[in-house]
Novice: 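Below is the structure I would like to discuss, written out as structure tokens.
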Amino acid sequence: MILNGPNIITVTRIGFIPLIVGMFFLESPTGQWIACGLFTLASITDYIDGYLARAKNQTSSFGTFLDPLADKLLVVSTLFMMTGFGQISGSTIIPAILIISRELLVSGLREFLAGLSYKIPVRRLAKWKTVVQMIAISLLIVGNSAHPFIPEAFPVQLIGEISLYVAAIITLMTGYDYLRTGLRYIIYSDKT
């Protein structure tokens, strides 16, 4: 069933993306905090839709296709916006490129393997990668912008940058795991 609760939540996550992108154009701390709030809320929906789909036995082919796509669209568009608006720059662009590259690689590999009727299971480490990635991006959206509840000396930007590097390392590990698994299946299927 396409219009079940988990799928509606997933579609809503995609609907957050233009709102998040729009907040960058405000070029103000208020816009950054609103974008961070929207991004965080969208990130939480990733957990909620998966939990509901399993708990209510409402998994579907549409949801299986759309959920990881929604995550990738959210992450990639936000990383592009942060780069374009100078919220990440210099060497911090490297983990962003690694994350984006891995997302494209895994998406292409999954699409190819789906044509062979093989599905790569999501590993627990990949779920942790998503959590660390979402936290890092949330922190980097606000960076060191002023907020009355956060002391000026608290290094939000630095913590976000370190978290993005950690996410990139986990991203490389999970990307390698997916690639190895996928290539093993491709080589096996070519021999049969």
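In this chain, residues are counted from 1 in sequence order.
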Novice: Which value, rounded to the nearest 0.5 Å, describes the distance between Thr30 atom OG1 and Ile34 atom CD1?
Specialist: 6.0 Å

Novice: Are Leu105 and Tyr178 close enough that some pair of their side-chain heavy atoms sits under 4.5 Å apart?
Specialist: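 Contact flag for Leu105/Tyr178 side chains = no.
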
Novice: Can you tell me how the ring of Tyr51 sits relative to the ring of Tyr47, calling it parallel under 30°, perpendicular over 60° and tilted otherwise?
Specialist: parallel

Novice: Determine, using the 4.5 Å side-chain heavy-atom cutoff (strictly less than), whether Leu66 and Leu41 are members of one ILVMFWY cluster.
Specialist: yes

Novice: Nearest 0.5 Å, please: how far is CD in Gln133 from CD1 in Ile170?
Specialist: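 CD of Gln133 is found 9.5 Å from CD1 of Ile170.
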
Novice: Measuring only between side-chain heavy atoms, which start at C-beta, is Asp49 closer than 4.5 Å to Asn7?
Specialist: no

Novice: What closest approach, in Å, do Ser163 and Leu139 show between heavy atoms, and which atom pair accounts for it?
Specialist: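 Taking Ser163 first and Leu139 second, the nearest heavy atoms are OG-CD1, 4.4 Å.
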
Novice: Under the 3.5 angstrom rule, does the side chain of Asn4 hit a backbone N or O of Gln58 as a donor-acceptor pair?
Specialist: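 Present.
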
Novice: Are the side chains of Met81 and Thr78 in contact, using a 4.5 Å heavy-atom criterion?
Specialist: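 In short, these two side chains do not touch, never coming nearer than 4.5 Å.
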
Novice: State yes or no: do Leu104 and Val75 share one hydrophobic cluster built from I, L, V, M, F, W and Y residues joined by side-chain heavy-atom distances below 4.5 Å, directly or via other members?
Specialist: yes

Novice: Is there side-chain contact between Ser91 and Tyr165, with heavy atoms separated by less than 4.5 Å?
Specialist: yes

Novice: Search all heavy atoms of Ser138 against all heavy atoms of Cys36 and return the closest pair with its distance.
Specialist: O-SG, 3.4 Å

Novice: Rounded to the nearest 0.5 Å, how far apart are CZ of Phe16 and OG of Ser77?
Specialist: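 One finds 13.0 Å between CZ of Phe16 and OG of Ser77.
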
Novice: Any chance you could measure Leu109, atom CG, to Leu183, atom CG, to the nearest 0.5 Å?
Specialist: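 Leu109 CG to Leu183 CG: 6.5 Å, rounded to 0.5 Å.
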
Novice: Quick one, Ile88 and Glu161 - any side-chain contact, counting heavy atoms below 4.5 Å?
Specialist: no

Novice: Just wondering, more than 12 heavy atoms not from Arg124 lying within 6.0 Å of its CZ?
Specialist: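 No, because the 6.0 Å sphere around CZ of Arg124 holds 12 heavy atoms or fewer from other groups.
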
Novice: For the pair Thr45 (side chain) and Ala42 (backbone), establish whether a donor and an acceptor sit closer than 3.5 Å, ignoring hydrogens and angles.
Specialist: yes

Novice: Do any N or O atoms from the side chain of Gln157 and from the backbone of Gln87 form a donor-acceptor pair under 3.5 angstrom?
Specialist: yes

Novice: Same cluster or not: are Val76 and Val21 linked, directly or through other Ile, Leu, Val, Met, Phe, Trp or Tyr residues, by side-chain heavy atoms under 4.5 angstrom apart?
Specialist: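 Yes, Val76 and Val21 fall within the same hydrophobic cluster.
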
Novice: Does the side chain of Arg13 reach to within under 4.5 Å of the side chain of Thr10, using non-hydrogen atoms?
Specialist: yes

Novice: Looking at CG of Leu98 and CG of Leu164, how far apart are the two atoms once the value is rounded to the nearest 0.5 Å?
Specialist: 9.0 Å

Novice: Looking at Gln32 and Ile141, would you say the former's side chain and the latter's main chain have a donor-acceptor pair under 3.5 Å?
Specialist: yes

Novice: Using 0.5 Å steps for rounding, measure from the CG atom of Leu69 to the CD1 atom of Ile14.
Specialist: 5.5 Å

Novice: Taking side chain as C-beta onward, heavy atoms only, is Val106 less than 4.5 Å from Leu179?
Specialist: no

Novice: For a quick test of reading the model, state the closest non-hydrogen atom pair linking Ile99 to Ala167 and the distance between them.
Specialist: CD1-CB, 4.2 Å

Novice: Can Ile20 be reached from Phe80 by stepping across I, L, V, M, F, W or Y side chains whose heavy atoms are under 4.5 Å apart?
Specialist: yes

Novice: Considering non-hydrogen atoms only, spot the tightest contact between Ser60 and Gly63 and give its length.
Specialist: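 Heavy-atom minimum between the residues: OG-N, 3.0 Å.
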
Novice: Any side-chain heavy atom of Leu74 sitting closer than 4.5 Å to one from Ile137?
Specialist: no

Novice: Check Ala70 against Ile17 and note the closest heavy-atom contact, atom names and distance.
Specialist: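 Heavy atoms only, the tightest pair is O-CD1, 4.5 Å.
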
Novice: Between Lys129, Lys127, Arg102, which is the residue that forms a side chain to side chain donor-acceptor pair (under 3.5 Å) with Thr174?
Specialist: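 Result for side chain to side chain donor-acceptor pair (under 3.5 Å) with Thr174: Arg102.
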
Novice: List the steps and the verdict of side chain to side chain contact (heavy atoms under 4.5 Å, CB included) for Asp177 and Leu125.
Specialist: CA-CA 10 Å; Asp177 187 42; Leu125 187 59; over 6 Å; no

Novice: Applying side chain to side chain contact (heavy atoms under 4.5 Å, CB included) to Met82 and Phe24, what does each step give before you reach the verdict?
Specialist: CA-CA 8 Å; Met82 287 192 303; Phe24 280 91; 3.7 Å; yes

Novice: What verdict does the side chain to side chain contact (heavy atoms under 4.5 Å, CB included) test give for Ile159 and Phe154, after you've listed the backbone C-alpha separation in whole Å, the side-chain angles of each residue and the deciding distance to 0.1 Å?
Specialist: CA-CA 9 Å; Ile159 294 169; Phe154 190 74; 3.6 Å; yes

Novice: Examine Met134 and Leu172 and state if one hydrophobic cluster contains both, with Ile, Leu, Val, Met, Phe, Trp and Tyr joined whenever side-chain heavy atoms are less than 4.5 Å apart.
Specialist: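 Shared cluster, no.
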
Novice: Looking only at heavy atoms, what is the nearest atom pair of Gly31 and Leu26, with distance?
Specialist: CA-CD1, 3.8 Å

